[in-house]
Number of protein chains: 2
Amino acid sequence: MAKLSIKDIAQRCNTSITTVSFVLNGRADEKRISRDLKEKILKTIEDTGYKQNQFARGMRTGKTNIIGLIIEDISNVFFSAVARIIEEDAYKRGYKIIYCSTDDNTEKTKELIKLFIEQNLDGYIITPPKGLEDEIQLMINNKIPVVLFDRYFVDLETDYVVVDNFNASKKAVQHLFDSGFENIALVTTSSDQTQMVERLNGYEKTLIKNGKKPKILKIPFNQSAEENIKAISTYLKKNKELDAIFFSTNYLAFKGLEAISQLKLKIPDDLAVVAFDDQDFFRIYNPSISAIGQPVKDISLKLIDILLQKMESDEKPIEKITLSTNLIVRNSSIKVK
Amino acid sequence: MAKLSIKDIAQRCNTSITTVSFVLNGRADEKRISRDLKEKILKTIEDTGYKQNQFARGMRTGKTNIIGLIIEDISNVFFSAVARIIEEDAYKRGYKIIYCSTDDNTEKTKELIKLFIEQNLDGYIITPPKGLEDEIQLMINNKIPVVLFDRYFVDLETDYVVVDNFNASKKAVQHLFDSGFENIALVTTSSDQTQMVERLNGYEKTLIKNGKKPKILKIPFNQSAEENIKAISTYLKKNKELDAIFFSTNYLAFKGLEAISQLKLKIPDDLAVVAFDDQDFFRIYNPSISAIGQPVKDISLKLIDILLQKMESDEKPIEKITLSTNLIVRNSSIKVK
DNA sequence: TAGTTATACTAAAATGATTTAGCAACAAGA
DNA sequence: TCTTGTTGCTAAATCATTTTAGTATAACTA
């Protein structure tokens, strides 16, 4: 079964390539192709199983029907959950997804974006690491549709979908105060990306408002898992007065739970815990862990929606979307008398 | 900055398109292009930032430099871990990855494969749901490089990478017997795919060898999370004599832990537990959960390796690779006196 | 009846690469 | 001097589409 081309279809129907092309692209009525001929062409396509050659098509139209998903780490539950929903929705609308993980590494991401752009993808969903302002701006200048998520650049006019990290953090910390905990530390990354800065600010503001001095442990990004645990463990040993910890990411909460477990501290009696990014694990863990749930589904659908709109019209006004989060209170942050 | 074509490069170098193309494809020496001209062309490409148009290239060569990754569920930790490693390695070797999740749904997967094939990808890595024999065979007949993983079809001559599910299962169950547990049940899916059948067989054989009657709970694939938990919970209540459970997948172990926790049973005193597919969660959970670890890295690298070899030569002999697993014994399966 | 308009189609250019087949110039050998 | 071989390059065909700028015929209008 040799590969069929539009030419073969045209021959079988005693018509021209042009006419077949019009029918193929749904322009039969607009181009006044008779109903009979249109039906005949459609039937021949059906019977022969002819498929358009995507290379030739792309060459003329410049379209690939592929979206680039450039995220921090596909193996992180939060991102893979987003990837799953985006994928589902994209396929329904006729798009495929190429993904890559950045590790939040600036140089690596620049390389990846260059690679993707060579491939002429139709649009991009990106969680940018720091220092990517120029690349993003360049894409915008070249009218390449881009939507950022999870974080954004303050002085860049881009579409983005993020959550209200500041208030999420505030809510979580205030909840700890309301539950009777008084010495609340923050464990976060040493990143200065918007999402992290906002989580930190929310924490600081709430501590000051409650008349307390912020206590912050910043974990560098390039440390190994063991070093993470060690750092948290050392910090806990040095600051015995702490009775609660707020973790700013799910993976730090993981490390923290390991450290707490190693130190044989009881949650919440010795130390209360709240984490950012909810997941099954926190519900099942014993005690169950309170967490801030991001609206993964809404984030994902918004992302695709904005991106597809942008791909259809580059006049679309810029949308900056901030979604609210959901504090899920579980046993790890409720005082037991 | 208008798009540059190979023609522009040729003009700037006072040479022909052909010559530039030869240099571009590393055939300069073979085609006896003089060192001077080659250098000049290379420099011009460098200076102008010219990039080959992938559509035009693909049109002639039929190559996309894209691999299709068709897996059960990108949001499942096992698969996203594999996706992560495959991605890393593929990019290093100049390939990009398009992914999609099948949900192990036969019809959906057929659709997806059709879609992918239209896109002319260079090769495929697939975890096939049942009933996909014909599609896979068709791909092989059409000389499309395919490697299966996680499961395979017994009567299909395909390359695949799987783990030794039978012996993994045997090891896990025998370990429970050796630790002094006597009434061991299996909780598995009602799937008849190779990996599940082998896990079940390993369990059954080991029970019979130890003079016990197998006790198996099969959970249908289309049930909701709540129904899963309910089913396990009901089963446990009905079979009070059980003192250990072996879960055949990570997600069933999750549901099981929830059920066990709801029934206020103590692990391992009331019920010992071993799960398939290790993950961070099991190490951190209290008590830590014994699990069978799949060699995720080896699986992923083998997959890419075989696929790329197949893409280079369709004469490559078929490789059927079975990797061994690693039983990680933790507190959930050790008797406390 | 001549001119206009609508209908139903099509020839050919263009997209940007790869590759086959072959040419011109010169050197070496007979 | 003629033949053969080597070096260094190139013209043109080809890949499968989309789209522009038409054409031919029929129908309608003044």
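Throughout, a chain's letter reflects where its sequence line sits, starting with A, and its residues are numbered from 1.
- When heavy atoms are screened at a 4.0 angstrom cut-off, A:Leu37 is found touching the sugar-phosphate backbone but no base atom.
- If you check D:dT20, D:dT17, C:dA17 against the side chain of B:Gln52, the one that comes closest is C:dA17.
- Contact annotation: A:Thr19 reaches the phosphate of C:dT10 (side-chain N/O to OP1 or OP2, under 4.0 Å).
- For A:Arg60 and C:dA14, a side-chain-to-base donor-acceptor distance below 3.5 Å is present, hydrogens and geometry of angles not being considered.
- Proximity note for B:Thr15 (side chain, C-beta onward) versus D:dA16, C:dT10, D:dC9: the nearest is D:dC9.
- None of B:Asp122, B:Ile117, B:Ile113 except one satisfies the side-chain contact (heavy atoms from CB on, under 4.5 Å) rule with B:Ile144; the exception is B:Ile117.
- At the heavy-atom level, B:Thr18 lies under 4.0 Å from base atoms of the strands shown.
- Counting only heavy atoms from C-beta on, B:Tyr50 has its side chain closest to C:dA17 among C:dA17, D:dA16, D:dT18.
- Residue-level contact check: B:Arg27 touches the backbone only, with heavy atoms under 4.0 Å from sugar-phosphate atoms and none from bases.
- You'll find that the side chain of A:Asn53 is closest to D:dA16, out of D:dT18, D:dT7, D:dA16.
- Taking for each of A:Leu24 and B:Ala56 the nucleotide of DNA chain D with the nearest heavy atom, the 5'-most of the two is the partner of B:Ala56.
- For B:Ser34, whose side chain is taken as the heavy atoms from C-beta onward, the closest listed nucleotide among D:dC9, D:dT20, D:dT18 is D:dC9.
- Between the side chain of B:Asn53 and the main chain of B:Phe55, a donor-acceptor pair closer than 3.5 Å is present.
- With C:dT20, D:dT10, C:dA17 as the candidates, the nucleotide lying closest to the side chain of B:Lys31 is C:dT20.
- For the OP1/OP2 pair of C:dA17 and a distance below 4.0 Å, the side-chain nitrogens and oxygens of B:Ser21 include no atom meeting the criterion.
- Counting any heavy atom pair closer than 4.0 Å across all strands shown, B:Arg57 reaches sugar-phosphate atoms only and no base atom.
- Checking D:dA16, D:dT18, C:dT10 against every side-chain atom of A:Phe22, the shortest atom distance belongs to C:dT10.
- Outside the 6.0 Å centre-distance limit, the rings of A:Tyr160 and A:Phe149 are not counted as a close aromatic pair.
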